[in-house]
Every structure is written in structure tokens, then in C-alpha cells.
Protein chains: 2
Amino acid sequence: MKRTPKELDARIGEMVERCRSEGMNLTPQRLVIFRALLESEDHPSPELLRDRVRDQLPAVSLATIYKTLDVLVTLGFAAEVPVTGNTKRYDGNMGAHHHLVCTRCGSVADADHASLPEIPLPRSLHGFAPHGYSVHVHGLCSTCRSTLTTPKEKKSWPKN
Amino acid sequence: MKRTPKELDARIGEMVERCRSEGMNLTPQRLVIFRALLESEDHPSPELLRDRVRDQLPAVSLATIYKTLDVLVTLGFAAEVPVTGNTKRYDGNMGAHHHLVCTRCGSVADADHASLPEIPLPRSLHGFAPHGYSVHVHGLCSTCRSTLTTPKEKKSWPKN
DNA sequence: ATATATGCAAAGCTTTTGCTGAAGA
DNA sequence: TCTTCAGCAAAAGCTTTGCATATAT
């Protein structure tokens with residue numbers, strides 16, 4: 001998610017306020033991790049996020065990354081992204097938006113909610129009461145599109 | 001996904017054909033697991049799927065469940081569902097459809113693609129070449145809606 | 001000063017892998 | 001008979017937890 005420095009600072013300010021009002025400590029780890037998440041546009045995994053803050057927090061532990069992400073999710077400043085695969089991935093963009101999922105490399109990019117036409121949700125869907133939605137668009141990201149001449153290796157059968 | 005016995009048998013027939021044409025063995029495990037997946041409407045995890053086939057395959061191992069699901073995904077007869085949480089979940093419904101995600105219990109139900117208005121996808125989205133989409137509707141499932149007065153368990157589906 | 005958080009290491013789960021006996025074709 | 005597969009157990013990978021120390025307020 002693109003963010004101006006101003007928006008970024010504003011968001012961090014909200015988070016600072018919220019930590020105070022919740023009686024939580026404002027640690028450098030939390031600030032740096034939150035900022036790194038906000039500056040990421042690729043829904044990083046906890047491990048990747050650790051790599052991104054390592055220059056600022058050389059001794060940070062993965063456990064702290066996990067705990068901080070939990071805090072951010074609980075406070076409503078981050079969300080876990082629904083993905084396939086074995087690792088969690090997080091999003092610091094809490095506005096309504098869609099996901100562009102590359103079927104070739106698995107990348108997940110955000111697209112503004114306004115980039116697709118609005119869907120009028122019915123009052124009820126088979127007894128389900130909808131209250132919002134996001135579209136998962138699948139296709140090819142620009143990187144994969146430009147390397148299409150190098151076909152992805154076909155999966156061979158499990159040889160046990 | 002609702003399926004008539006006829007559709008179910010047809011689908012299993014396709015899978016049988018495909019196994020043969022690929023030179024793969026048609027084992028009772030594969031048939032039973034695939035059938036159980038097709039009969040599930042809740043996007044079961046591998047472990048839950050094992051529980052569901054245990055009466056027919058008392059000695060089945062979790063490893064076989066995993067391997068079979070891999071095979072089904074590779075052949076295009078199943079798909080991993082993008083979800084949050086720590087366990088994979090699978091879908092035997094390969095037609096275009098949407099997902100109704102309950103924000104209270106974490107259940108994921110299918111909704112026919114026709115249950116929501118069609119979105120005209122642009123040719124390109126920020127360099128991304130779309131080729132399909134599904135909508136993740138979030139809200140309350142009918143079960144959670146009717147038990148809203150009973151704020152008992154928080155989340156029952158994913159174990160975390 | 002006191003409550004809260006970090007970092008470490010260990011534990012807990014989920015998923016994958018190597019191997020051997022069993023079974024499908 | 002000749003592959004391929006199931007089941008087991010071990011390994012690998014991701015996430016959570018307990019605890020002692022360090023830090024924020």
C-alpha cells in the first residue's frame with residue numbers, strides 16, 4: 001500500500017496513542033516493526049519482517065516479531081492475510097482493498113478498493129449476513145508476465 | 001458445495017480416468033479421500049478429513065492424507081483455500097465461486113459465483129494481468145448469527 | 001518501583017520426507 | 001513383474017510459551 005510520509009506518521013501516532021491508552025509500553029521494537037509493516041507492500045511473513053528491521057534492531061527475536069504482530073492485530077492496526085501456504089502473512093493496510101494474487105509466484109499485492117467497481121451486497125446470502133468484502137483477483141504479476149518465456153517447471157509425480 | 005450423487009459420481013469418474021491416463025495407481029485411499037472432500041462443505045483441514053474417512057479407512061495415516069491432497073491439487077481436482085490461521089484447508093469445488101468467511105467462528109462457506117453480480121475485470125490492474133477472481137465476503141454465518149445472544153466460545157474452527 | 005516487554009530456549013503443532021513392506025496394473 | 005503407493009517414524013518448518021532479565025512509565 002502506497003503511503004505518504006505524512007500518512008505514515010499519522011498512523012504511527014494513532015498507534016502510540018492507543019498503546020498509551022491501553023497501558024501498554026511503547027518499545028522501540030514495536031515502533032520499528034509497525035513502521036516496517038506499514039512501509040511494506042508485499043504482505044510480509046514474520047521472518048521477512050524480521051529481516052527488514054534487522055538493521056535497526058540487530059538483536060530482535062522472531063518471538064518478538066510474532067508477539068508484536070499479535071498486538072497489532074488485536075489493536076486493529078494490522079491483519080493477517082488469507083493466503084495459501086505454510087507461513088502467515090500480514091497487512092498493515094486496514095482500509096478496504098483488494099488482493100492481486102499471482103498464480104505463478106504467489107505474490108500478493110494490494111489494489112485500492114476503488115480500482116474495481118463496487119458490488120452491491122445482498123442483505124443475506126444463504127443465511128449469511130455479509131458486512132463487507134474483498135476481491136481476490138488471480139492472474140500474473142508484472143514480473144512474472146515479463147518472464148513468461150521461461151516456463152515454470154512442471155511438477156513431477158511424487159516418487160516417494 | 002452441494003452436489004447431487006450423480007455429479008459426485010461423474011467427478012469421481014473423471015478422477016479415475018485421469019489417474020489412469022497419468023499412469024497413477026487407483027487406490028481405495030485416494031477414492032475415499034476424494035469422495036470425502038467432495039462431500040464436505042466446510043473446506044476441511046487434512047486432520048479433519050482424516051477423521052471423516054476413518055470409518056472407511058481405519059488405518060489411514062495423516063501422511064497419506066497430505067500426499068493425496070497434493071495429488072488432487074496437482075491434477076486440478078482440489079484447491080488449497082486461502083485462509084488465516086495455522087492449518088491448511090482444502091476445497092473440492094473447482095468451479096468459480098465465492099467465499100463466505102465468518103468473522104466470528106472462522107468458518108468458510110462457498111457461494112455460487114452467480115450469487116453476486118459479475119465484476120468486469122479491467123485488462124490490466126497496475127501492471128497485473130487478471131484472469132479471474134473470487135470474492136471473500138466477511139460477515140456472520142447463520143449459526144453465529146443465531147447464537148449471538150450466547151457469547152460462548154470465541155473461535156471454534158481454527159484452533160488458534 | 002512496578003508493571004510490562006524482550007530475548008532465549010524449549011515445547012507444540014503442522015507438514016514433509018525417507019524408507020520398507022504392500023498393493024495396483 | 002514392475003512400478004507406484006501406504007504407513008510409519010523421523011525430520012523439518014512455523015508458531016507459541018515459560019521464564020529470567022531488561023526496559024518503559
Side-chain angles (χ1 to χ4, degrees), chain A residues 15-34 36 43-51 53-54 56-75 78 80-90 106 155-160, chain B residues 15-34 36 43-51 53-54 56-75 78 80-81 83-90 106 155 157-160:
Chain A
M15 189 268 213
V16 168
E17 276 313 298
R18 189 67 182 290
C19 279
R20 292 205 173 114
S21 72
E22 297 281 345
M24 300 173 60
N25 286 357
L26 208 71
T27 63
Q29 286 90 338
R30 282 180 182 166
L31 284 173
V32 169
I33 292 167
F34 185 40
H43 314 274
S45 65
E47 196 173 352
L48 182 51
L49 208 42
R50 182 191 48 180
D51 294 344
V53 301
R54 216 160 3 202
Q56 294 172 80
L57 302 170
V60 78
S61 73
L62 212 35
T64 296
I65 305 281
Y66 277 102
K67 287 170 186 168
T68 302
L69 286 169
D70 278 352
V71 166
L72 292 173
V73 168
T74 304
L75 293 183
E80 201 188 327
V81 186
V83 287
T84 60
N86 292 340
T87 72
K88 293 188 166 185
R89 290 173 68 176
Y90 289 87
K155 187 171 180 181
S156 54
W157 287 118
K159 220 39 180 166
N160 268 5
Chain B
M15 188 269 213
V16 168
E17 277 313 300
R18 190 67 184 289
C19 280
R20 292 205 172 114
S21 72
E22 298 280 346
M24 299 172 60
N25 284 359
L26 210 71
T27 63
Q29 287 89 339
R30 284 180 180 166
L31 284 172
V32 169
I33 292 166
F34 185 41
H43 313 274
S45 65
E47 195 174 353
L48 182 52
L49 207 42
R50 181 190 49 180
D51 295 344
V53 301
R54 211 151 18 197
Q56 294 172 81
L57 302 170
V60 78
S61 73
L62 211 36
T64 295
I65 306 280
Y66 277 101
K67 288 171 184 169
T68 302
L69 286 169
D70 278 351
V71 166
L72 292 173
V73 168
T74 304
L75 292 182
E80 199 187 329
V81 186
V83 288
T84 60
N86 292 339
T87 72
K88 292 187 167 185
R89 290 173 68 176
Y90 289 87
K155 276 192 164 193
W157 221 115
K159 199 169 36 182
N160 38 267

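Note on naming: letters A, B, ... go to the chains in the order of the sequence lines (proteins, then strands), and numbering restarts at 1 for each one.
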- By side-chain contact (heavy atoms from CB on, under 4.5 Å) - contacts of B/Val16 (at least two apart): B/Ile12, B/Arg20, B/Leu26, B/Leu31
- Item | Gap between atoms CG and P, on A/Leu69 and C/dT6 respectively (whole Å) | 12 Å
Which pairs, protein N/O on one side and nucleotides 22-25 of chain C N/O on the other, fall under 3.5 Å?
unit_1	atom_1	unit_2	atom_2	d
C/dA25	OP1	B/Leu26	N	3.2

- Task: Note down the inter-axis angle between the two ends of the helix from C/dA1-D/dT25 to C/dA25-D/dT1, five pairs each, to the nearest 10°.
- Result: 40°
- When we call it a touch if two heavy atoms are under 4.0 Å apart, what does B/Lys88 touch: a base, just sugar-phosphate, or nothing? sugar-phosphate
- Given atom CD1 of B/Ile33 and atom C1' of D/dA6, what is their separation to the nearest angstrom? 10 Å
- Message: Nearest whole Å is fine: how far is D/dT21 P from A/Gln29 CD?
- Response: 18 Å
- Between C/dA5 atom P and A/Asp70 atom CG, what is the distance in whole Å? 12 Å
- What's the CD1-P distance between A/Ile65 and D/dT17, to the nearest Å? 17 Å
- Atom CG of B/Leu48 and atom C1' of C/dC13 are separated, to the nearest Å, by 16 Å
- Query: Considering heavy-atom distances to DNA chain D, does A/Ser45 or B/Thr68 have its closest nucleotide positioned more toward the 5' end?
  - Reply: B/Thr68
- Message: Would you compute the distance between atom OG of B/Ser45 and atom CG of B/Asp51 and round it to the nearest 0.5 angstrom?
- Response: 8.0 Å
- Item | For A/Arg18, side-chain contact (heavy atoms from CB on, under 4.5 Å) partners two or more places apart | A/Ser21, A/Glu22, A/Leu75, A/Phe77
- Of the listed D/dA9, C/dT15, C/dG7, the closest approach to the A/Thr64 side chain comes from C/dG7
- Task: For B/Tyr66 and D/dG7, give me the distance from atom OH to atom C1', rounded to whole Å.
- Result: 15 Å
- So, is B/Ser61 near the phosphate of D/dA6, with a side-chain N or O under 4.0 Å from OP1 or OP2? no
- Query: Nearest of D/dC5, C/dT6, D/dG7 to any side-chain atom of B/Arg30?
  - Reply: D/dC5
- What distance do A/Gln29 atom CD and A/Leu57 atom CG have between them, rounded to the nearest 0.5 Å? 5.5 Å
- Query: Between atom OG1 of B/Thr84 and atom OH of A/Tyr90, what is the distance when rounded to the nearest 0.5 Å?
  - Reply: 9.0 Å
- Task: Would you please name every residue forming a side chain to side chain donor-acceptor pair (under 3.5 Å) with B/Ser61, sequence neighbours left out?
- Result: B/Thr64
- Note on the structure: Residues passing the salt bridge (charged side-chain N to carboxylate O under 4.0 Å, His left out) test with A/Asp70, sequence neighbours excluded, are none
- Message: Measure CZ/A/Arg50 against P/C/dT6 and give the value in whole Å, please.
- Response: 15 Å
- Carefully, step by step, assess B/Leu48 and B/Thr87 under the rule side-chain contact (heavy atoms from CB on, under 4.5 Å). CA-CA 11 Å; B/Leu48 182 52; B/Thr87 72; over 6 Å; no
- Message: To the nearest 0.5 Å, what is the distance between CD1 on A/Ile65 and CG on A/Leu49?
- Response: 5.5 Å
